[in-house]
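Scope of the values below: all heavy atoms of this structure, side chains included, with no hydrogens, waters or symmetry mates. Since the structure is predicted, the reported quantities are computational estimates derived from the model, not experimental observations. We're numbering straight along the sequence, starting at 1.
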Amino acid sequence: IDDVRSKLPGGQMNPNIKWENFNYPPLLKVVHYDLSEIEDPPTRSLVRKLNFTFVIVVVVCLINFINSIAQAAVGYSGLRILYSVLNFFIFAPFSLYGFYKGYRGITYSRRELRFYYVIAIIEVVVFMVFSIISGGNYNGWTRVSTLFSNGDVFQGILAIVESLLYLGNSLLVAFCIYKVRGFTINAPPEDRL
């Protein structure tokens, strides 16, 4: 029965979280996520931030897909569209898994945070790189000037938005690592990593 309960930061069991109720993301429903089940406001706030990092990944993948179509329409390689679809199927599940491990780690078992830290550190580095350089289908700051100099203003604006989202998400994930680490340090000794 402990498998379907959540530990509060003080180590008490919280039977409100029903881990077996898969309800997230909408339509796919592969994990459980419900902020109303978390009673501790700082924990709820942190879990919300962890989820927001996943939402940003989905949004930036959609913007990248639109930009890839727009760039292919003006003469750039159509292979960018395929890369965009593949990146969506790689990065969105990877980010969802990282969010979920962080969520379970701070609300149920600190041991699950090991996976979260690995994934989050990879995300910080990858998102920072994607915000700077251009390669494959992602448009970093280095591609923005090329797009504008070729007169592709719409594509350039989308590239700026994409780069800002990657940069912002990299910083948000780094902040979440810092906050999650604070939860681990303040955990009871028997619940630390």
Nearest 0.5 Å please: distance from the [atom1] atom of [X] over to the [atom2] atom of [Y].
X	Y	atom1	atom2	answer
I66	I81	CD1	CD1	12.0 Å
E112	Y117	CD	OH	13.0 Å
I56	C61	CD1	SG	12.0 Å
I17	L35	CD1	CG	9.5 Å
L167	E162	CG	CD	12.5 Å
M128	N169	CE	CG	10.5 Å

Side chains of [Y] and [X]: any donor to acceptor distance under 3.5 Å?
X	Y	result
N150	Y76	yes
D34	N23	no
Y24	N51	yes
N67	Q155	no

Within-4.5 Å side-chain heavy-atom neighbours: [X] and [Y]:
X	Y	value
I177	I121	yes
Q71	L158	no
F154	V74	no
V57	F94	no
K101	R114	no

How far apart are the closest heavy atoms of [X] and [Y], and which atoms are they?
X	Y	answer
L50	C176	CD2-CB, 3.7 Å
V47	F99	O-CE1, 4.0 Å
S68	S84	OG-CB, 3.7 Å
V58	A92	CG2-CB, 4.4 Å
T107	R110	N-NH1, 4.5 Å
L96	P25	CD2-CD, 3.9 Å

Please find out if less than 6.0 Å separates the ring center of [X] from that of [Y].
X	Y	result
Y103	W19	yes
F91	F130	yes
Y116	Y100	no

Hydrophobic cluster membership, with links at side-chain heavy-atom distances under 4.5 Å among I/L/V/M/F/W/Y: are [X] and [Y] in one?
X	Y	value
V55	L165	yes
V124	I122	yes
L79	I69	no
V129	I132	yes
F54	F22	no

Assess whether side chain to side chain donor-acceptor pair (under 3.5 Å) is satisfied between T53 and K49, documenting all intermediate values. CA-CA 6 Å; T53 63; K49 287 176 182 67; over 6 Å; no
Please determine whether side chain to side chain donor-acceptor pair (under 3.5 Å) holds for the pair N87 and N64, giving the CA-CA distance in whole Å, both sets of side-chain angles, and the decisive distance to 0.1 Å. CA-CA 9 Å; N87 281 351; N64 179 270; 5.5 Å; no
Does a sphere of radius 6.0 Å around CZ in F65 hold more than 12 heavy atoms from other residues, nucleotides or ligands, not counting ones at 6.0 Å or beyond?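 Counting other residues, nucleotides and ligands, CZ of F65 stays at 12 neighbours or fewer.
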For Y83, I'd like to know if atom OH has over 12 heavy atoms of other residues, nucleotides or ligands within 6.0 Å.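 Count not over threshold, so no.
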Yes or no on side chain to side chain donor-acceptor pair (under 3.5 Å) for S95 and E123, after CA distance, side-chain angles and deciding distance? CA-CA 8 Å; S95 182; E123 285 181 326; 3.2 Å; yes
Quick one: does NZ or CZ of R104 land under 6.0 Å from the six-membered ring centre of Y108, within 45 degrees of the ring axis?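 Because its charged atom sits under 6.0 Å from the ring centre and within 45° of the axis, R104 does stack over Y108.
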Under 3.5 Å, is there a donor-acceptor pair between the side chain of [X] and the main chain of [Y]?
X	Y	value
R143	S134	no
W141	S131	yes
S109	G105	no
R44	E39	yes

